[in-house]
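Given the structure is predicted, the values throughout are model-derived calculations rather than measurements. In this chain, residues are counted from 1 in sequence order.
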Amino acid sequence: MSEKNEEMPLCHEQKHRNEAEFKDLIHRLNRIEGQVRGVRRMVEEEHYCVEVLTQVSAIQSALNSFNKVLLGNHIRSCVVEDIRQGNDEVIEELLKTIQKIMK
């Protein structure tokens, strides 16, 4: 097992993602970034408040969706691996993380 840890960094230090996961997360972040730039333009162009608020709500929804995907990936990889290796402390970390993102 120690050989495996030397080859692959622990999730706590660095997370290697497969190409599909990486591309999906980057694609989501690029879309969110574009939405934020769009809201900035709307404010600069003095759009009606309700229009801006609607777009901000869409950004929040996209961020929530990103969090759900990232959290699911984290549970299926890092958390499962830590539990298999006997590190039950990861459960407390997961619970604290969920509490933070649900504020």
Quick one: does L94's side chain get under 4.5 Å of L71's, heavy atoms only? yes
If you round to the nearest 0.5 Å, how far is CD of E89 from CG of D82? 9.5 Å
Give a yes or no on whether I101 and L63 share a hydrophobic cluster (residues Ile, Leu, Val, Met, Phe, Trp, Tyr; joining criterion: side-chain heavy atoms under 4.5 Å apart). no
Which atom pairs, donor and acceptor, lie under 3.5 Å between side-chain atoms of residues 42-50 and protein residues at least two apart or in another chain?
unit_1	atom_1	unit_2	atom_2	d
E44	OE2	R40	NE	2.9
E45	OE1	H47	NE2	3.1
H47	ND1	E51	OE1	3.1

Sort and list the pairs that fulfil side chain to side chain donor-acceptor pair (under 3.5 Å) and have at least one residue in residues 61-73, not counting sequence neighbours. E21-N73, R28-S65, N73-R76
Could I get the full list of salt bridge (Lys or Arg N to Asp or Glu O under 4.0 Å) partners for R31, not counting sequence neighbours? none
Taking atom CD1 of I98 and atom NZ of K96, what is their separation to the nearest 0.5 Å? 13.0 Å
Can you tell me how far the SG atom of C78 sits from the CD1 atom of I83, to the nearest 0.5 Å? 11.5 Å
Would you compute the distance between atom CD1 of I59 and atom CZ of F66 and round it to the nearest 0.5 angstrom? 14.5 Å
Taking a hydrophobic cluster as the set of Ile, Leu, Val, Met, Phe, Trp and Tyr residues connected by side-chain heavy atoms closer than 4.5 Å, whether directly or through intermediates, do V69 and I32 fall within one such cluster? yes
Stepwise, does the side chain to side chain contact (heavy atoms under 4.5 Å, CB included) test hold for V52 with V56? CA-CA 6 Å; V52 176; V56 170; 4.3 Å; yes
Between CG of N30 and CD of Q35, what distance do you get to the nearest 0.5 Å? 11.5 Å
State yes or no: do L70 and V80 share one hydrophobic cluster built from I, L, V, M, F, W and Y residues joined by side-chain heavy-atom distances below 4.5 Å, directly or via other members? no
Transitive ILVMFWY side-chain link M102 to V79, under 4.5 Å: yes
Could you tell me whether R37 and E33 make a salt bridge, using a distance below 4.0 angstrom between a side-chain N and a carboxylate O? yes
What distance separates E81 CD from H74 NE2, expressed to the nearest 0.5 Å? 12.5 Å
